[in-house]
Amino acid sequence: MPELPEVEVTRRQLEPLLVGRTLSAVRTTTASYFFLTPPAMLRRRLRGRRVLALERVGKYLIAQLDGDERLLLHLGMTGQIFGAGATSVRLLSSTAGGALPPEGQRRFRPDAHTHLQLRFADHGPAVFFRDVRKFGKVQLLASGERSARLDRLGPDALAVRGVALYAATRARRAPVKTVLLDQAVLAGVGNIYADEALYLAAISPTRRANRLSREECLRLARTIRRVLRRSIATGGSSISDYVRPDGSDGAYQDERRAYGRTGEPCPRCATPIRRVLIAARSTHFCPKCQR
DNA sequence: ACCGCACCCTGAGCGC
DNA sequence: TGCGCTCAGGGTGCGG
């Protein structure tokens with residue numbers, strides 16, 4: 001997915017499309033793994049609700065509704081949230097043979113992967129949530145209802161402090177990459193930005209977390225904040241499915257140093273970037289200048 | 001408490 | 001063309 005930068009870019013673009021508007025008809029697909037709240041209940045309880053604010057915590061979006069309810073959204077791996085009128089080939093299921101519909105017929109039409117359609121009382125643009133793999137999540141929290149998923153999250157990665165990272169890693173013998181992916185340690189870093197931050201901080205992803213020095217943790221925390229901020233500024237990474245709510249691609253994929261660059265020369269020392277598996281996730285790094 | 005792994009689901013790309 | 005395999009920005013739940 002969508003990691004913190006993509007979720008934050010989504011939040012910023014979605015905010016004016018949601019906040020202040022009142023939901024009318026809500027359509028869903030049928031019950032699945034995707035719906036933490038049963039779809040029939042979602043349809044019933046969302047109708048007439050007004051959106052007061054749109055927030056982000058880690059990789060979660062939280063729409064504050066009137067009546068003190070909250071709608072949790074998570075994009076999973078292939079989630080896309082966008083407004084009616086967005087056009088992008090990423091929003092179309094490729095047909096057998098991969099032929100694209102002709103220009104002019106590429107306007108999005110809700111398909112079998114469009115699990116949530118939000119329509120509004122003002123009859124303005126609808127908002128869609130599409131997710132091919134259904135690893136995304138939707139949940140409606142009643143007034144005062146706690147969410148174990150949110151309660152588990154560590155500090156937001158945009159604000160992570162080096163001293164906190166140092167403290168959190170002391171008892172962790174797992175590779176530092178594994179610990180960066182742990183949302184209880186810091187919320188928002190995923191596979192791309194873990195690799196990118198470790199590359200930029202020149203720390204090997206295979207290092208045992210508890211072997212990092214205090215100075216390395218400070219450097220790593222700074223680098224994490226910097227790479228996330230930079231990605232947000234460029235609109236996030238559009239690598240396979242991610243699109244912004246207006247349908248446009250982000251641009252951070254063009255600035256990647258390590259992720260997905262197996263075999264290409266390291267930008268610092270020209271050694272070929274290596275790919276290994278850590279925590280069953282593909283991990284890209286320079287074996288020479290990351291120590 | 002921590003660690004690694006299987007699993008949730010669908011589609012694309014590859015070699016044969 | 002078709003089949004079988006591997007891979008993919010995530011997270012949970014399990015047993016060791």
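Values in this document were obtained by computation on a predicted structure and should not be read as measured data. All heavy atoms count here, side chains included; hydrogens, waters and symmetry mates do not. Every chain is numbered from 1, with letters handed out A, B, ... down the list of sequences.
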Is it true that the side chains of [X] and [Y] contain a donor and an acceptor less than 3.5 Å apart?
| X | Y | value |
| --- | --- | --- |
| Arg133(A) | Thr78(A) | no |
| Lys134(A) | Ser32(A) | no |
| Tyr60(A) | Gln139(A) | no |

* Just checking Tyr193(A): base, sugar-phosphate only, or nothing, at a heavy-atom cut-off of under 4.0 Å? ->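 Nothing, no heavy atom under 4.0 Å.
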* Asked: Contact class for Asp241(A) (heavy atom, under 4.0 Å): base, sugar-phosphate, or nothing?
  ->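 The residue Asp241(A) makes base contact.
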* Asked: Does Arg214(A) reach the main-chain N or O of Val163(A) with its side chain, forming a donor-acceptor pair under 3.5 Å?
  -> no
For a quick test of reading the model: is some side-chain N or O of [X] closer than 4.0 Å to OP1 or OP2 of [N]?
| X | N | value |
| --- | --- | --- |
| His113(A) | dG11(B) | yes |
| Lys59(A) | dG11(C) | yes |
| Ser282(A) | dA8(C) | yes |
| Arg152(A) | dT12(C) | yes |
| Lys134(A) | dT10(B) | yes |

[X], nearest nucleotide to its side chain (from [options]):
| X | options | result |
| --- | --- | --- |
| Gln183(A) | dG11(C), dT10(B), dA8(C) | dG11(C) |
| Phe135(A) | dT12(C), dG4(B), dC8(B) | dC8(B) |
| Arg208(A) | dT10(B), dA8(C), dG4(B) | dG4(B) |
| Arg275(A) | dC9(B), dG11(C), dC7(C) | dC7(C) |
| Arg133(A) | dT12(C), dT10(B), dG4(B) | dT10(B) |

* **Which residue lies more 5' along DNA chain C, comparing Ala148(A) with Arg90(A) via nearest heavy atoms** => Arg90(A)
* Asked: For Tyr33(A) and dC9(B), is the gap between ring centres under 5.5 Å while the planes differ by less than 30°?
  ->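 The base of dC9(B) is not stacked with Tyr33(A) (the test needs centres under 5.5 Å and planes under 30°).
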* Nearest-angstrom distance, P atom, dT6(C) to dA6(B) -> 13 Å
